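Scroll down for the structure; my scribbles are underneath it.
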Amino acid sequence: MTATLIAATGSVASAGTDTSSKAPDADQITKAARDAAPARSRSSLASTSQAAVFGMFAIDAQGNLYSYAPDNSQVLASRELLATDYGNVRTASSADDDGDGVADDTWIWTTDGGMSSSYGYVGGGWNIYDTVFSPGNLGGAPGYDVLGRDSSGVLWLYFGYGDGTLTARRKIGGGWDTYTQIAGKGDLTGDNRPDIVARDTSGVLWLYQGTGDPAAPFAARTKIGAGWNAHDALVATGDMDLDGKADLIARQPNGDLYFYKGTGNAADPYETKRKVGHSYQTYRVMFS
């Protein structure tokens with residue numbers, strides 16, 4: 001396939017042409033995520049179901065970017081200030097493009113609709129999506145892929161080439177506006193395919209299991225549980241406690257942070273939550 005830079009509208013953006021306001025350096029996140037990964041994940045994970053390790057990142061109202069390395073007992077190690085110029089970043093998402101369990105790239109979306117990666121500028125027009133993230137390799141080809149939900153509730157998929165470029169978008173389906181949160185980072189079910197979770201307006205959390213089929217990347221949804229409206233942010237982090245399974249972090253409006261340990265079991269993908277922090281309401285965005 002020809003590697004071209006694709007904007008959110010499907011138009012082609014010129015390679016290296018940045019018409020948006022300057023995006024912060026994605027390499028700062030990528031390097032921090034790589035440094036946080038343990039030795040066990042630096043060998044190829046392509047034939048295993050071990051989740052990649054990225055850590056968690058957070059941006060406060062002043063534009064300060066912090067990293068939280070994974071920790072097998074505390075889940076989140078003490079935070080580290082990485083940069084102070086992330087005020088125009090809407091969100092970001094780490095990517096493990098070669099399947100070795102550590103970050104190779106970071107997608108960054110800015111408030112003016114621009115998208116960049118560690119390789120440079122990708123394209124504009126991404127403000128048509130109210131949710132955008134990279135859950136993993138959905139289509140079986142090299143590179144982490146990108147999902148975006150538009151204002152009409154349609155979910156769109158962009159396949160990643162693994163070099164900071166994307167294919168033109170393809171439609172997954174409509175009706176996704178029934179969800180108030182959508183998140184995903186890695187495999188939740190032990191089949192080595194990335195999955196996503198989605199919370200509906202009544203607080204029920206649903207699992208969409210990855211199929212590995214680029215034409216139909218998700219199986220029919222299954223119910224995980226109710227009561228998830230207690231949280232105002234869900235952050236799919238990959239592996240945070242270094243047990244090889246993908247986990248989830250959830251924040252409550254008062255800033256309390258909870259850890260949902262992954263089980264690798266599709267029927268019951270998370271253990272009972274446990275509190276791992278407080279005062280996280282200071283962040284306007286958290287991601288992995």
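If you're wondering where the values come from, they're calculated on a predicted model, not measured in any experiment. Start at 1 with the first residue, then count along the sequence.
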Are the side chains of [X] and [Y] in touch, meaning some heavy atoms are under 4.5 Å apart?
| X | Y | answer |
| --- | --- | --- |
| V75 | R274 | yes |
| S134 | L147 | no |
| S117 | T106 | no |
| W126 | V132 | yes |
| Y179 | T131 | no |
| F259 | K273 | no |

Sidechain-backbone polar pair: [X] side chain, [Y] backbone, donor-acceptor under 3.5 Å:
| X | Y | value |
| --- | --- | --- |
| R193 | D213 | no |
| Q28 | D25 | yes |
| T211 | A216 | yes |
| D150 | V154 | yes |
| D145 | G160 | yes |
| R251 | Y283 | yes |
| D241 | N72 | no |
| S94 | F54 | no |
| D200 | V204 | yes |

For a quick test of reading the model, state the closest non-hydrogen atom pair linking [X] to [Y] and the distance between them.
| X | Y | value |
| --- | --- | --- |
| L257 | M286 | CD1-CE, 4.2 Å |
| D105 | T30 | C-OG1, 3.4 Å |
| L188 | D195 | N-OD2, 2.7 Å |
| P70 | A36 | CD-CB, 3.5 Å |
| M240 | M56 | SD-N, 4.1 Å |
| F57 | A32 | CE2-CB, 3.8 Å |

Could you check F287 against S93 for side-chain contact (heavy atoms from CB on, under 4.5 Å), going step by step and ending with a plain yes or no?
CA-CA 6 Å; F287 61 90; S93 194; 5.9 Å; no

Going through the distances and angles, do R149 and D177 end up as a salt bridge (Lys or Arg N to Asp or Glu O under 4.0 Å)?
CA-CA 8 Å; R149 182 185 65 182; D177 49 349; over 6 Å; no

Note: [X]-[Y] ion pair, threshold 4.0 Å (strictly below):
| X | Y | result |
| --- | --- | --- |
| K261 | D243 | yes |
| K275 | D256 | yes |
| D104 | R34 | yes |
| K245 | D239 | no |

So is K185 actually on top of F133's ring, under 6.0 Å and inside 45° of the axis?
no

Within 45 degrees of the ring normal and closer than 6.0 Å to the centroid, is that where the cationic atom of R79 sits relative to Y66?
yes

Is it the case that one hydrophobic cluster holds both [X] and [Y], taking links as side-chain heavy atoms less than 4.5 Å apart, direct or via other members?
| X | Y | value |
| --- | --- | --- |
| V146 | V122 | yes |
| W109 | V89 | no |
| V53 | L76 | no |
| L138 | W156 | no |

With L207, the side-chain contact (heavy atoms from CB on, under 4.5 Å) member among D268, T189, I196:
T189

Would you give the length of the straight line joining atom [atom1] of [X] to atom [atom2] of [Y], rounded to the nearest 0.5 angstrom?
| X | Y | atom1 | atom2 | answer |
| --- | --- | --- | --- | --- |
| Y121 | S116 | OH | OG | 6.5 Å |
| D163 | Y119 | CG | OH | 6.5 Å |
| N64 | D85 | CG | CG | 9.5 Å |
| Q74 | Y68 | CD | OH | 12.5 Å |
| Y129 | L155 | OH | CG | 9.0 Å |
| S118 | D27 | OG | CG | 4.5 Å |

Evaluate the criterion side-chain contact (heavy atoms from CB on, under 4.5 Å) for residue pair Y86 and I108; output intermediate values, then yes/no.
CA-CA 10 Å; Y86 275 64; I108 290 181; 4.2 Å; yes

Intermediate values then yes/no, ring pair (Phe, Tyr, Trp, His ring centres under 6.0 Å), Y208 and W176
CA-CA 12 Å; Y208 284 86; W176 289 80; 4.5 Å; yes

Which residues pass the salt bridge (Lys or Arg N to Asp or Glu O under 4.0 Å) test with K31, not counting sequence neighbours?
D35

Do Y260 and W228 have ring centres separated by under 6.0 Å?
yes

With a 3.5 Å cut-off and no angle check, do the side chains of Q50 and D187 form a donor-acceptor pair?
no

Short side-chain donor-acceptor distance under 3.5 Å, T110 and R90
no

Would D191 and Q209 count as a side-chain hydrogen bond (donor to acceptor under 3.5 Å, both in side chains) if you check the C-alpha gap in whole Å, the side-chain angles of each, and the deciding distance to 0.1 Å?
CA-CA 9 Å; D191 62 0; Q209 192 165 348; 3.1 Å; yes

